2 protein chains.
Amino acid sequence: MAVTLADVAARAGVSAATVSRVLSGNYPVAGATRSRVLRAVEELEYVVNGPASALAAATSDLVGVLVNDIADPFFGIMASAVQSEMEPEKAGGKLAVVCNTGGSPERELTYLTLLQRQRAAAVVLTGSAVEDEKHTAALAARLRRLSEAGTRIVLCGRPPLPEDAVSGRGDALRSGTAGRDADGTGAEDESTAPITVAFDNRGGARRLTEHLLALGHRRIGYVAGPVERTTTRHRLEGHRTALADHDPALLADAERLTVHGAYDRSSGYDGALELLRRAPDLTAVLAANDTVALGVCAALRDQGLRIPEDVSVAGFDDLPFSADAAPALTTVRIPLHEAGARAGRLALGRESAPPGGVATVRTELMARASTAPPRAD
Amino acid sequence: MAVTLADVAARAGVSAATVSRVLSGNYPVAGATRSRVLRAVEELEYVVNGPASALAAATSDLVGVLVNDIADPFFGIMASAVQSEMEPEKAGGKLAVVCNTGGSPERELTYLTLLQRQRAAAVVLTGSAVEDEKHTAALAARLRRLSEAGTRIVLCGRPPLPEDAVSGRGDALRSGTAGRDADGTGAEDESTAPITVAFDNRGGARRLTEHLLALGHRRIGYVAGPVERTTTRHRLEGHRTALADHDPALLADAERLTVHGAYDRSSGYDGALELLRRAPDLTAVLAANDTVALGVCAALRDQGLRIPEDVSVAGFDDLPFSADAAPALTTVRIPLHEAGARAGRLALGRESAPPGGVATVRTELMARASTAPPRAD
DNA sequence: CCTGGGATAGAAAGCGCTTTCTAAAGCGAG
DNA sequence: CTCGCTTTAGAAAGCGCTTTCTATCCCAGG
């Protein structure tokens with residue numbers, strides 16, 4: 001049906017092997033031959049058959065990107081950044097496969113299997129992990145399988161897998177892709193352990209809470225994320241560390257002033273109402289993220305409270321809309337684009353793994369108009 | 001290296017052909033045999049080799065989704081919706097390849113070639129088209145090529161290709177995929193022309209402008225999008241139609257009250273300042289989309305103008321943050337999710353093409369707090 | 001009891017590429 | 001001028017699956 005390598009070879013008067021070598025470029029071909037081949041490719045408008053070459057080479061040009069929901073800018077920005085590192089000029093022909101897991105661990109496993117089926121060159125996992133031993137073990141097993149098949153694994157914005165869950169980086173390693181460098185002198189030390197780009201959620205939450213404490217707040221509500229997520233726990237830990245450091249007495253009330261919900265607007269709305277019910281006198285509310293903060297703001301306003309005069313509100317993530325909210329939202333900036341880009345480079349092997357396999361990206365407090373000193377009442 | 005079909009076949013005591021048939025399910029296999037095979041698959045943890053089956057079957061499980069920028073919720077929502085139609089349960093094993101074109105027609109062509117290389121099952125193109133004959137022709141040619149190779153094409157949120165650019169749906173059609181139904185009695189009428197899910201941008205813009213006119217506005221500025229985009233032109237047309245219908249005299253000033261920019265916040269900011277310079281007495285500003293509207297609002301506020309008391313502002317698209325802006329943004333809702341989902345179903349062949357190949361989705365005016373009657377000055 | 005036809009399963013020929021392994025030149029040195 | 005090395009190119013063997021084309025097997029009908 002379509003033009004094949006053989007057609008190009010015939011036209012250029014060379015063998016198929018030569019055409020393949022010209023196109024892949026990892027074998028010397030004389031200049032004259034090369035240009036003859038390239039001309040034939042042009043003339044015939046030849047398009048490589050990806051599946052065929054993936055079959056023969058045992059690896060494809062696909063890079064999987066697992067996200068909770070691509071429609072959420074938090075993930076959209078990371079995915080976009082990962083993708084930006086795979087532009088045709090930077091990484092010839094790599095394609096990003098975006099998989100919406102909806103935060104479900106099962107779905108995550110399903111997609112990883114699908115990506116393994118496609119012999120993906122790499123997989124970037126975003127979205128916080130679920131703290132469940134069974135899921136963690138299943139995930140680690142699946143990732144090991146992928147890894148053994150030559151797929152590079154990068155975790156972005158989620159903590160590294162627990163040591164004991166990973167283990168057993170087996171023997172099957174060198175049989176697969178490591179064809180070149182056959183004399184064995186080269187340092188075949190390419191670790192297959194997943195690389196992690198982690199966010200400093202604890203530090204960010206701590207600084208945010210310190211900011212509120214410094215403003216004079218003492219009764220601070222917290223609309224947290226799903227209770228089983230690592231991200232939720234880390235942010236909560238940072239928050240409570242700051243409270244404890246400031247005044248251990250504050251910690252006593254922290255439990256009561258915390259509600260859990262999803263990472264969406266309505267959780268923020270409902271959570272704020274619940275907090276108000278529990279503690280009508282609170283002067284500040286922290287939200288699991290910016291989207292939740294929007295919901296919190298809406299609820300507070302619906303209750304006739306002004307922001308920040310009556311209640312201060314802060315978010316997390318610093319998504320693009322946060323600076324434009326009215327009042328502009330105090331939040332913690334996560335360099336999502338930088339993190340995603342780095343994950344992309346790591347996935348493509350264009351950047352070497354950080355020492356220990358974990359790179360933590362800094363978070364930054366963005367103090368804006370939604371937080372102010374509490375009224376002196 | 002990995003477990004192959006042959007291994008499964010050996011374990012189940014059948015031939016590879018039988019295993020293949022069990023897994024693809026498009027050929028009768030006796031119940032007992034089938035379950036024996038399935039058990040072997042389980043036991044060996046067999047994962048199909050995607051490239052190999054794509055090679056043999058001449059089509060892959062990949063569906064390309066071209067977007068301007070996946071980090072932009074406008075595209076994120078559509079991509080997410082397309083993806084939601086390909087969940088493992090709905091469409092076994094289909095995977096979405098998201099390609100950021102950055103709005104560049106060249107990049108668009110590059111990605112289409114890459115997708116052709118992967119023998120993508122379908123491609124969904126979003127993002128407005130560029131009005132340039134050369135690009136249109138090149139795009140049409142590329143799409144025809146893809147189409148001939150058996151890839152289904154769906155345009156989502158962009159107008160259909162001009163008739164003359166498409167043309168020549170050649171002879172190469174039936175040679176490819178149309179294997180089954182060989183007796184020729186079946187109606188082999190599956191048109192390969194691209195299917196379109198278009199937005200009613202004209203109508204939306206017209207209704208939005210009518211809304212402002214009804215409120216009493218007469219000096220309405222317009223911060224439009226990139227001048228070469230079809231979407232920009234359509235929205236502008238709708239706007240001017242409304243003006244002309246209301247009072248032809250208004251049309252005279254429309255040119256002066258229009259500035260063009262990109263679809264981003266800073267274009268809105270700059271555009272608003274420029275409009276204010278040209279016409280300090282304007283009472284309303286329409287923006288190319290919601291993001292631009294945010295920039296417009298920021299600029300107006302920085303100039304000491306209140307919204308909507310001094311100047312009304314309206315956007316377009318109704319992205320999630322619009323309702324939460326302060327004041328809540330009047331805008332035109334585009335059912336992005338519905339459109340994307342429909343595009344996804346069309347791409348997967350789970351919904352038949354609309355008559356004429358074009359489905360237009362309705363847009364809806366969302367009148368909110370950012371627009372109000374002008375002050376009586 | 002024999003036969004034609006439907007239901008199942010196997011054999012084998014690719015799909016189009018990559019990559020050894022091998023062979024033919026091309027070159028400087030002895 | 002010839003030998004042995006390097007450089008360049010071809011032959012051919014797969015990679016793992018799909019899908020004809022065939023070969024059984026079994027049953028109802030004659």
Side-chain angles (χ1 to χ4, degrees), chain A residues 1-10 12-37 41 44 46-61 93 116-119 149-150 175-183, chain B residues 1-10 12-37 41 44 46-61 93 116-119 149-150 175-183:
Chain A
M1 180 180 78
V3 179
T4 71
L5 245 206
D7 299 331
V8 176
V14 299
S15 72
T18 301
V19 177
S20 172
R21 296 201 260 248
V22 167
L23 295 179
S24 69
N26 45 26
Y27 194 87
V29 173
T33 317
R34 141 170 279 110
S35 52
R36 205 139 37 85
V37 168
V41 166
L44 296 174
Y46 172 64
V47 176
V48 181
N49 182 319
S53 67
L55 171 58
T59 180
S60 74
D61 284 335
Q116 181 177 350
R117 169 188 298 194
Q118 297 296 336
R119 302 297 186 262
S175 56
T177 344
R180 64 258 152 74
D181 201 3
D183 57 310
Chain B
M1 179 181 78
V3 179
T4 71
L5 245 205
D7 299 331
V8 176
V14 299
S15 72
T18 301
V19 178
S20 171
R21 295 199 263 249
V22 167
L23 294 178
S24 69
N26 44 27
Y27 193 87
V29 173
T33 316
R34 138 170 282 109
S35 52
R36 204 140 35 86
V37 168
V41 166
L44 296 174
Y46 172 63
V47 175
V48 182
N49 183 318
S53 69
L55 171 59
T59 180
S60 73
D61 283 336
Q116 182 177 348
R117 168 187 301 192
Q118 298 295 338
R119 302 299 186 261
S175 55
T177 344
R180 64 259 154 77
D181 202 2
D183 57 313

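Here the structure is a predicted model, which is why all the values come from computation and not from measurement. The sequence lines fix the lettering, A, B, ..., with proteins before strands; numbering per chain opens at 1.
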Check the phosphate of [N] against [X], side-chain N and O only, distance under 4.0 Å to OP1 or OP2. Yes or no?
X	N	answer
Ser53(A)	dC17(C)	no
Thr4(B)	dG16(D)	no
Thr33(A)	dT8(D)	no

Could you check Ala52(B) against Gly13(B) and say which one's nearest nucleotide on DNA chain C is further toward the 5' end?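 Looking at the nearest nucleotide for each, Gly13(B) comes out on the 5' side.
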
For a quick test of reading the model, state the closest non-hydrogen atom pair linking [X] to [Y] and the distance between them.
X	Y	answer
Leu44(A)	Val8(A)	CD1-CA, 3.8 Å
Val14(B)	Arg36(B)	CG1-NH1, 3.9 Å
Val29(A)	Arg21(A)	CG2-CB, 4.0 Å
Tyr46(B)	Thr4(B)	CE1-C, 3.6 Å
Pro51(B)	Leu55(A)	CB-N, 3.7 Å
Gly93(B)	Asp61(B)	O-CB, 3.5 Å

Send over the distance from [X] [atom1] to [N] [atom2], rounded to a whole Å.
X	N	atom1	atom2	value
Arg119(A)	dT18(C)	CZ	C1'	16 Å
Tyr27(B)	dT22(D)	OH	P	13 Å
Leu23(A)	dC17(C)	CG	P	9 Å
Asn49(B)	dG16(C)	CG	C1'	14 Å
Leu5(B)	dC17(D)	CG	P	4 Å
Leu44(B)	dG16(D)	CG	C1'	15 Å
Asp61(A)	dC17(C)	CG	C1'	13 Å
Leu55(B)	dC17(D)	CG	C1'	8 Å

If you find the nucleotide of DNA chain D closest to Thr18(B) and the one closest to Pro51(B), which residue's nucleotide is nearer the 5' end?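 Whichever sits nearer the 5' end wins; that is Pro51(B).
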
Distance-only donor-acceptor test, Arg21(B) side-chain atoms vs dT20(D) base atoms, 3.5 Å: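 In this structure, the two groups form a donor-acceptor pair.
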
Quick check on the helix from dC1(C)-dG30(D) to dG30(C)-dC1(D): what's the angle between its two end axes, five base pairs per end, to the nearest 10°?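 About 40°, once rounded to a multiple of 10°.
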
side-chain hydrogen bond (donor to acceptor under 3.5 Å, both in side chains) involving Ser15(B) - partner list, sequence neighbours excluded: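 side-chain hydrogen bond (donor to acceptor under 3.5 Å, both in side chains) check on Ser15(B) returns Thr18(B).
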
Which part of the nucleic acid, if any, lies within contact of [X], taking any heavy atom under 4.0 Å across all strands shown: a base, the sugar-phosphate backbone alone, or nothing?
X	answer
Ala30(A)	sugar-phosphate
Ser20(A)	base
Ser24(B)	nothing

Minimum-distance nucleotide (side-chain atoms of Ala57(A) versus dT19(C), dT18(D), dT8(D)):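 Of all the options, the side chain of Ala57(A) is nearest to dT19(C).
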
Donor-acceptor under 3.5 Å (Ser60(A) side chain, Ala54(A) main chain):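 A pair under 3.5 Å: no.
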
